[in-house]
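Accompanying notes for the structure given below.
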Amino acid sequence: MTHYQMYINGKFVDAVSGETVASRCPSDGEEIAVYPKGGVADVDLAVAAAKAAFADPTWSKPHASQDRAALLRAIAQGIRDNADHISEVEARDSGKTITDVSLVDVQWAADCFDYFADLATQIYGEVIPVPGDVLDIALREPLGVCSAIVAWNYPIMFAAWKIAPCLAAGNTMVFKPASHTSLSALELANIMSKVGAPAGVVNIVTGPGSEIGEAICNHPEIEKVSFTGSTSVGKKVMQMASSTIKKVTLELGGKSPNIFFDDFTNLEAAVGAAMLGMYFNAGQTCIAGSRVFVHENIYDAFKSELVRRVGNIPVGHCLDYDTRMGAIISEGQMNAILNYIELGKQEGANLLIGGHRMTEGALSKGYFIAPTVFECDRDDYTIMQEEIFGPVLCLCKFSTEEEVIERANNTIYGLASAVWTLDIKRAFRVAKALKAGQVWINQYLMISNFAPHGGFKQSGFGKDLSKYAIDGYTQIKNIYVELCDDDAYMSTFE
Ligand code: NAD
């Protein structure tokens with residue numbers, strides 16, 4: 001069993017209180033590590049270190065951009081060099097499948113550091129054509145000490161998504177991983193330390209969100225909080241951040257529609273896409289396509305193919321390469337999902353398959369829920385409105401384009417969406433009408449380092465990834481240079 005430490009000011013340290021928390025594998029309940037249970041005192045130390053690191057011009061000034069790019073590249077390479085080890089730690093810590101973690105999460109994290117290394121030397125403002133004999137420059141500057149608080153569903157990826165753009169722009173970072181999944185961020189700290197990240201540039205504080213998260217959001221010397229998590233905690237984060245007018249980015253929950261028109265006749269591909277959208281990462285994905293709308297002409301065939309294939313999804317231990325769907329992160333989350341399933345049944349949604357905990361054989365040691373499909377004839381079922389964050393798909397029939405757009409938009413969320421049709425005009429019409437930060441056409445779940453990710457409505461605001469992420473880690477300073485030497489143009493009060 002590994003004893004992890006936090007990473008503050010370039011050193012690995014225990015919590016000031018000396019307290020620790022055990023990390024258990026959701027697949028089998030085995031204790032795999034302990035890590036520090038940090039508190040307010042640890043946040044204060046991390047912020048002081050980040051502040052001092054930012055004050056060092058060899059880190060934060062524009063001429064250091066090539067050094068920052070080189071550091072980000074070294075971190076990317078460090079992740080690749082340690083990919084097998086990190087993948088195993090991440091899988092065991094989270095219950096995610098080793099296949100998904102190694103092929104998607106860890107590679108992506110490395111690619112993300114490389115992507116922002118490319119951008120680090122291209123962060124600049126612009127000259128504004130102000131009338132007169134004037135040079136006006138909108139200068140893009142780093143914010144200072146930034147923070148990030150993230151969810152447990154893609155731990156190493158979220159660490160990369162937050163830390164890489166923050167550093168590329170010349171800021172420093174206090175990072176809080178989710179309490180359930182703190183280990184991969186501490187593995188990342190190990191890499192950062194080995195490749196020579198300057199002390200204090202990145203600080204990783206582990207422990208409970210209610211204590212550390214709140215200390216971060218209220219801290220007067222933190223300029224920004226980038227939050228990925230639930231809409232309910234996101235609202236609190238925004239409130240707390242307002243006390244010191246911190247810049248805020250919120251990546252929150254979703255209830256995303258996945259819409260299949262009847263001209264998309266490749267049933268096998270359509271059903272496969274609906275399953276990928278819902279059951280990837282056991283449904284614990286913010287952009288999960290949890291409401292699947294299917295046109296009435298193809299509905300019956302779609303439904304029977306979906307139920308047949310969902311019943312065959314291999315559910316199992318995170319380290320088994322044959323597992324396609326892993327465990328739920330915790331007992332509490334598993335029970336929350338089971339409660340939603342009960343509510344779905346009570347309110348009258350038609351359970352087609354699944355709907356129970358899986359306890360056969362070794363599965364009894366972990367938190368597994370059978371992939372579930374409800375047929376929903378109403379949009380006001382709780383399971384159609386609230387984010388379940390588990391493998392529960394709501395299947396709905398629709399008749400017209402206008403109807404499905406209205407129903408698809410009928411939630412408080414606006415994170416992701418998809419439309420499947422071969423009619424390009426309809427595809428664009430629907431894409432423009434959907435109120436979501438992401439629309440896929442004939443695709444699902446594809447996110448790229450090169451393209452912005454973020455929600456509309458109560459799914460949040462601000463963007464992760466792409467050049468748009470840099471907007472969230474920089475501020476614009478306007479510099480107005482008077483070039484006219486005629487005194488008549490000089491500002492005066494008289
Ligand atoms: P959560 O909101 O419970 O926790 C998120 C983070 O906030 C954790 O690190 C937690 O420790 C911390 N936290 C908890 N209470 C806090 C408080 N009072 N103050 C400050 N921080 C606090 O979310 P979760 O259960 O970890 O993750 C699931 C949620 O995250 C889902 O709603 C999902 O949709 C959302 N999510 C969104 C995106 C996106 O990009 N939009 C991505 C992944 C997950």
Side-chain angles (χ1 to χ4, degrees), residues 21 26 35 37-40 43 93-94 96 105 108 147-162 174-182 184-185 204-219 222 225-241 243 246 248-256 280-290 328-330 332-334 336-337 340 386-390 411-417 436-438 445 447 451-466 469 472:
V21 195
Y35 63 91
K37 185 180 175 196
V40 176
V43 172
D93 199 25
S94 65
K96 293 164 73 87
D105 301 35
W108 193 345
S147 65
I149 302 173
V150 299
W152 40 261
N153 50 340
Y154 293 89
I156 184 104
M157 263 169 51
F158 290 153
W161 288 18
K162 305 295 187 190
V174 175
F175 181 83
K176 191 202 108 49
S179 316
H180 288 304
T181 54
S182 295
S184 60
I204 297 185
V205 188
T206 55
S210 52
E211 196 174 342
I212 296 187
E214 296 200 6
I216 287 174
C217 294
N218 287 312
H219 204 292
I222 294 180
V225 54
S226 180
F227 176 80
T228 294
S230 60
T231 295
S232 57
V233 176
K235 287 177 186 174
K236 283 191 206 161
V237 166
M238 202 169 161
Q239 269 174 353
M240 290 186 280
S243 64
K246 284 182 183 42
V248 178
T249 299
L250 296 177
E251 298 287 358
L252 308 176
K255 192 76 194 173
S256 300
F280 190 78
N281 206 25
Q284 302 168 112
T285 301
C286 54
I287 52 175
S290 49
I328 303 302
I329 186 73
S330 65
Q333 180 67 14
M334 179 184 70
I337 297 167
Y340 272 116
E386 295 188 10
E387 184 185 45
I388 298 174
F389 223 56
T411 77
I412 60 165
Y413 296 110
L415 192 54
S417 56
Q438 173 76 55
L445 223 55
I447 294 189
H453 164 72
F456 285 7
K457 295 159 64 181
Q458 292 192 33
S459 291
F461 55 83
K463 299 294 174 191
D464 275 338
L465 304 175
S466 82

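Atoms within each ligand, like the ligands themselves, are counted from 1 in listed order. Every heavy atom of this structure was used, including side-chain atoms; hydrogens, water molecules and symmetry mates were not. All of these numbers come straight from a predicted model, not from anything done at the bench.
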Mind checking whether [X] has an N or O less than 3.5 Å away from an N or O of ligand 1?
X	answer
Cys217	no
His453	yes
Val150	yes
Asn153	no
Trp152	yes
Ala151	no
Ser459	no
Glu214	yes

For [X], counting its heavy atoms only, list the atoms of ligand 1 lying under 4.0 Å from any of them.
X	answer
Met240	19 (N)
Phe158	42 (C), 43 (C)
Ser179	11 (O)
Phe227	2 (O), 5 (C), 6 (C), 7 (O)
Leu415	41 (N)

Should the proximity of [X] to ligand 1, defined as any heavy atom under 4.0 Å, be assigned to the side chain, the backbone, both, or neither?
X	result
Tyr154	neither
Ile149	side chain
His180	neither
Leu252	backbone
Glu387	side chain

Thr231: what forms a side chain to side chain contact (heavy atoms under 4.5 Å, CB included) with it, not counting sequence neighbours? Lys235, Leu252, Tyr413, Gln458
With a 4.5 Å cut-off on side-chain heavy atoms, are [Y] and [X] touching?
X	Y	value
Asp464	Phe158	no
Ser243	Asn218	yes
Cys217	Ile149	yes
Met238	Val225	no

Looking at [Y], is its backbone amide N or carbonyl O close enough to the side chain of [X] to form a donor-acceptor pair, meaning the two atoms are under 3.5 Å apart?
X	Y	value
Lys96	Asn153	yes
Lys255	Ser290	no
Ser417	Gln438	yes

Distance from [atom] to nearest protein heavy atom, with residue and atom:
atom	value
atom 33 (C) of ligand 1	Phe389 CE1, 3.2 Å
atom 2 (O) of ligand 1	Ser230 OG, 2.6 Å
atom 11 (O) of ligand 1	Lys176 NZ, 3.0 Å
atom 35 (C) of ligand 1	Gly229 O, 3.1 Å
atom 36 (N) of ligand 1	Cys286 CB, 3.5 Å

Candidate list Val205, Thr206, Val21, Ile204, test side-chain contact (heavy atoms from CB on, under 4.5 Å), partner Ser182, passing option: Thr206
Applying side-chain contact (heavy atoms from CB on, under 4.5 Å) to Ile328 and Phe389, what does each step give before you reach the verdict? CA-CA 9 Å; Ile328 303 302; Phe389 223 56; over 6 Å; no
Assess whether side-chain contact (heavy atoms from CB on, under 4.5 Å) is satisfied between Glu251 and Trp161, documenting all intermediate values. CA-CA 12 Å; Glu251 298 287 358; Trp161 288 18; over 6 Å; no
Take Ile329 and Thr181, measure what side-chain contact (heavy atoms from CB on, under 4.5 Å) needs, and give me the verdict at the end. CA-CA 9 Å; Ile329 186 73; Thr181 54; 3.8 Å; yes
Under 3.5 Å, is there a donor on one side chain and an acceptor on the other for Tyr154 and Thr285? yes
Give a yes-or-no answer on whether the side chains of Lys162 and Thr228 include a donor-acceptor pair shorter than 3.5 Å. yes
One pair to check against side-chain contact (heavy atoms from CB on, under 4.5 Å): Lys176 and Ile216. What are the steps and the verdict? CA-CA 9 Å; Lys176 191 202 108 49; Ile216 287 174; 3.9 Å; yes
Within a distance of under 4.0 Å, is there any protein heavy atom near atom 4 (O) of ligand 1? no
Measuring from atom 17 (C) of ligand 1, which candidate in Gly209, Ala178, Gly213 has the nearest non-hydrogen atom? Gly209
